[in-house]
Number of protein chains: 2
Amino acid sequence: MEQHVNTAERILETAFELMQTRGYNAFSYADVAERVGIRTASIHYHFPAKSDLAREVCAHYRTALIATLAAIDRDLTDPADRLQRFVALQGRGLDHRPPMCLCALLAAECPTLPEEVNVEVRGFLSDQETWLTRVLGDGVATSAFCLTVAPEDAAQVLRAGLAGAMLAARASNDRTRYDTIAQSLLTALLRSH
Amino acid sequence: MEQHVNTAERILETAFELMQTRGYNAFSYADVAERVGIRTASIHYHFPAKSDLAREVCAHYRTALIATLAAIDRDLTDPADRLQRFVALQGRGLDHRPPMCLCALLAAECPTLPEEVNVEVRGFLSDQETWLTRVLGDGVATSAFCLTVAPEDAAQVLRAGLAGAMLAARASNDRTRYDTIAQSLLTALLRSH
DNA sequence: GTCTATAGCCCGATAGAC
DNA sequence: GTCTATCGGGCTATAGAC
């Protein structure tokens, strides 16, 4: 019988939380089943293979990322404000744990990931860098700030720095590390006139 | 009978290469045994548990890192040159694969790592940031360059950025990405007078 | 759609012969 | 020190009852 709250959705949400904390290789169908309150065989009904589940988790949250970026564009106009909001949203970790971007975690596992998941990871990176490049370019065009490198290079530096900051924050179990590094990074990248 | 070339050393070297490419969870004693040309039981003789092997791999290469940093200090005096050398050495990947720092990879697995390995990962981060802070501080003191943030903050930004750059390079399977991001990062951080 | 049961594999680890 | 043999467990995945 179909659950009142869609089972596939609950599986996706649970798998996302596990992947965001443990990555792909270190979570199992048994972990998901236990949390959702079903058996592993039921997960296979909705997602035949683990790679299917992981791919759909990525696709689901890439869509959410795109929506988040669109919301930033809608709510704020100043490029510097948009960047601050982006940094802050990335910094919202699960519960009270350090923040972690699914994309950054999976990037570390790339050589052992199913190719279809790797495709999503590269898409994640591309989505973020495309948006960052545009916002950074806008900032230069409107003289909101100036850059010492090209917008597309600054975008890659910013995204890489935030990913490294999340890893450092989780490794040292210190949430504040992300914010410290993120703000220093913005200070170093963006110059007011 | 003891091997002509110490078996424990060969195990350590092989385990290091596997950990640098796959991380901790995705390599097995079987992988190491096959490459070294022995049986898994023989590895257990030298390293009783997998956590023992991983800890010793980390300790071994932390020592190598310290030696490398000391060599940079010995060979070069200009702080900017020292930073460039640091970036270049980190960028030397295995074979023709993208560069990857053992520490950055393991940081992604922290929540699933044996605590004794986590201790080494934090030590790795600390070693690098201590050295970078000193070199960056030297650069400011000798007016070789100036910083827009405190040396300890710039050190964290630099290390995080390089870690993120390695992950991006490996995810997109593009070695040049590391160099591009690293140079942009240095350009943004260091200002000449 | 969810279950029980199980296949088949890989894993880390140990016992004991040599 | 290295081997063979094996244990116990976790994993992904499937078959088939309900």
Side-chain angles (χ1 to χ4, degrees), chain A residues 1-19 21-58 105-106 109-118 120, chain B residues 1-19 21-58 105-106 109-118 120:
Chain A
M1 201 191 330
E2 192 172 327
Q3 292 273 346
H4 190 231
V5 178
N6 193 282
T7 303
E9 291 286 341
R10 287 160 64 214
I11 294 171
L12 276 175
E13 175 62 26
T14 304
F16 167 70
E17 291 177 11
L18 284 165
M19 285 174 66
T21 55
R22 303 189 197 171
Y24 179 81
N25 291 305
F27 92 94
S28 71
Y29 270 34
D31 295 325
V32 177
E34 187 190 8
R35 281 168 172 74
V36 175
I38 55 179
R39 300 275 144 168
T40 62
S42 306
I43 305 179
H44 282 284
Y45 170 82
H46 297 280
F47 306 95
K50 190 181 178 182
S51 56
D52 297 320
L53 175 53
R55 178 178 36 75
E56 295 220 17
V57 165
C58 288
L105 248 200
L106 293 182
E109 299 186 279
C110 270
T112 65
L113 252 34
E115 184 50 26
E116 49 197 312
V117 179
N118 272 327
E120 295 292 329
Chain B
M1 200 191 333
E2 191 170 330
Q3 294 269 346
H4 191 233
V5 177
N6 192 282
T7 303
E9 291 286 338
R10 287 160 65 214
I11 294 171
L12 276 174
E13 176 63 25
T14 305
F16 167 70
E17 291 177 12
L18 284 165
M19 284 174 67
T21 55
R22 303 188 197 171
Y24 178 82
N25 291 305
F27 94 94
S28 72
Y29 270 35
D31 296 324
V32 177
E34 187 189 10
R35 282 168 171 73
V36 174
I38 55 178
R39 299 276 150 168
T40 62
S42 305
I43 305 179
H44 282 284
Y45 170 80
H46 296 281
F47 306 94
K50 191 180 178 184
S51 55
D52 297 320
L53 175 55
R55 178 177 36 74
E56 295 220 18
V57 166
C58 288
L105 248 202
L106 294 182
E109 298 186 278
C110 270
T112 66
L113 252 36
E115 184 51 27
E116 49 196 310
V117 179
N118 271 328
E120 294 292 331

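Note on naming: letters A, B, ... go to the chains in the order of the sequence lines (proteins, then strands), and numbering restarts at 1 for each one.
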Please tabulate, for side-chain N and O atoms in residues 27-43 of chain B, each donor-acceptor pair with protein atoms closer than 3.5 Å (sequence neighbours left out).
| unit_1 | atom_1 | unit_2 | atom_2 | d |
| --- | --- | --- | --- | --- |
| B/S28 | OG | B/A30 | N | 3.3 |
| B/S28 | OG | B/D31 | N | 3.2 |
| B/S28 | OG | B/D31 | OD2 | 3.2 |
| B/Y29 | OH | B/F47 | O | 2.9 |
| B/Y29 | OH | B/A49 | O | 3.0 |
| B/Y29 | OH | B/K50 | N | 3.2 |
| B/D31 | OD2 | B/R22 | NH1 | 3.0 |
| B/D31 | OD2 | B/S28 | N | 2.9 |

Using whole Å, what does the distance between atom [atom2] of nucleotide [N] and atom [atom1] of [X] come to?
| X | N | atom1 | atom2 | value |
| --- | --- | --- | --- | --- |
| B/N6 | D/dG1 | CG | C1' | 11 Å |
| A/R39 | C/dC3 | CZ | C1' | 8 Å |
| B/I38 | D/dT2 | CD1 | P | 6 Å |
| A/D52 | D/dT12 | CG | P | 13 Å |

Looking only at heavy atoms, the pair that brings A/H46 and A/I11 closest together is CD2-CD1, 3.8 Å
Heavy-atom protein contacts under 4.0 Å, nucleotides 9-18 of chain C, coded B base, S sugar-phosphate only, - none:
--SSBB----
Tell me, please, which residues at least two apart from B/E120 pass salt bridge (charged side-chain N to carboxylate O under 4.0 Å, His left out).
B/R62
Residues passing the side chain to side chain contact (heavy atoms under 4.5 Å, CB included) test with A/N25, sequence neighbours excluded, are A/E109, A/T112, B/A26
Taking only side-chain nitrogens and oxygens of B/S42, does any of them come within less than 4.0 Å of OP1 or OP2 of D/dC3?
yes
Please state whether the phosphate of C/dT2, meaning OP1 or OP2, lies under 4.0 angstrom from any side-chain nitrogen or oxygen of A/T7.
yes
Please name all residues satisfying side chain to side chain donor-acceptor pair (under 3.5 Å) with B/D52, sequence neighbours left out, ordered by chain then number.
B/R55
Using the test side chain to side chain donor-acceptor pair (under 3.5 Å), find all partners of A/T14 that sit at least two apart in sequence or belong to another chain.
none
